[in-house]
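Just below is one structure, and these are the notes that go with it.
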Amino acid sequence: MRFITKLLYIVRRPEFIIPCIILILVLFYISRSDFNRDVNLVKGLEVWQPVNAVDFDESWFDESCKVVVYMKHYQKFHRLDLWMNYIEKYPGIPFLFYYAGDDPVKYFKQLDEIGFKHPIMIDSEGQFYEMNKSNMDDFSFISFVINDNSVTLSNPTIPNFDKLLKECSQSIR
């Protein structure tokens, strides 16, 4: 009984609780940011091809370095204008966008309004989600940077995105 009392005394102290919380957060971040799983790509979908945009290229699927983005809805927090900055900054890296929402006409009209100029695959059947739901939980927006066999969750609003794309672009030269 005395052992349990001492243990409870130690566990309740801030010197013990704070490092435990930090350790749990670090482990959670590591487990969520790097995947050792495959991201399954869906080919043969209809492609929304904006005017004055790079043409969609089926060879993008085979590149060892690529960015894969899944979107179910247009929302301002996606910051698609930031995506265009990175697409232009790293022209050798393919960006594969999947749209799986209900109203593609409305969605692409919104993209035209903000000047988004990159092809997007229309996944009206939700195939990408079905093939990758173990990596995605129930997100309506998620993006992966794939570099060889490394799959990392990231996007332009996360500080590691530029670093990941630099590493990725160096591996394809």
Closest approach of [X] and [Y], non-hydrogen atoms and distance?
| X | Y | value |
| --- | --- | --- |
| Asn40 | Met131 | ND2-O, 2.9 Å |
| Cys65 | Pro94 | O-CD, 3.2 Å |
| Cys168 | Ile146 | SG-O, 3.5 Å |

Sub-4.5 Å side-chain heavy-atom contact between [X] and [Y]:
| X | Y | result |
| --- | --- | --- |
| Val54 | Pro119 | yes |
| Asn147 | Leu164 | no |
| Gln127 | Leu45 | yes |
| Asn132 | Ile142 | no |
| Ile120 | Leu111 | yes |

**Study point:** Results of ring pair (Phe, Tyr, Trp, His ring centres under 6.0 Å) for Phe116 - residues two or more places apart only
**Key:**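 Testing Phe116 for ring pair (Phe, Tyr, Trp, His ring centres under 6.0 Å), a comparison that skips the adjacent residues, returns Phe97.
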**Study point:** Sequence-distant partners of Tyr98, ring pair (Phe, Tyr, Trp, His ring centres under 6.0 Å), two or more places apart
**Key:** Phe128
Check your understanding: Do the ring planes of Phe141 and Trp83 sit parallel (below 30°), tilted (30 to 60°) or perpendicular (above 60°)?
Key ->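 Phe141 vs Trp83 ring planes: perpendicular.
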Under the salt bridge (charged side-chain N to carboxylate O under 4.0 Å, His left out) test, residues paired with [X] that sit two or more places apart:
| X | value |
| --- | --- |
| Glu130 | Lys133 |
| Asp62 | Lys43 |
| Lys106 | none |

Exercise for review: Kindly say whether the aromatic ring centers of Tyr86 and Phe95 come within a distance under 6.0 Å.
Suggested key: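 For Tyr86 and Phe95, the ring centres are not under 6.0 Å apart.
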Point to revise | Residue pair Asp112, Trp48: steps toward the side-chain contact (heavy atoms from CB on, under 4.5 Å) verdict | key: CA-CA 11 Å; Asp112 278 335; Trp48 175 71; 3.6 Å; yes
Practice item. Run the numbers on Tyr129 and Lys72 for side-chain contact (heavy atoms from CB on, under 4.5 Å), then give the verdict. Key: CA-CA 10 Å; Tyr129 177 78; Lys72 195 166 182 178; over 6 Å; no
Practice item. Show the numbers, then the answer: is there a side-chain contact (heavy atoms from CB on, under 4.5 Å) between Phe56 and Leu96? Key: CA-CA 9 Å; Phe56 182 81; Leu96 297 165; 4.0 Å; yes
Practice item. Begin with the C-alpha distance, continue with both residues' side-chain angles, and end with the deciding distance and a verdict on side-chain contact (heavy atoms from CB on, under 4.5 Å) for Met121 and Val42. Key: CA-CA 9 Å; Met121 292 173 279; Val42 180; over 6 Å; no
Check your understanding: Mind checking what makes side-chain contact (heavy atoms from CB on, under 4.5 Å) contact with Lys166, not counting sequence neighbours?
Key ->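 Lys166 satisfies side-chain contact (heavy atoms from CB on, under 4.5 Å) with Tyr90, Asp162 once adjacent residues are dropped.
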Check your understanding: Between CE of Met84 and NE2 of His118, what distance do you get to the nearest 0.5 Å?
Key -> 7.5 Å
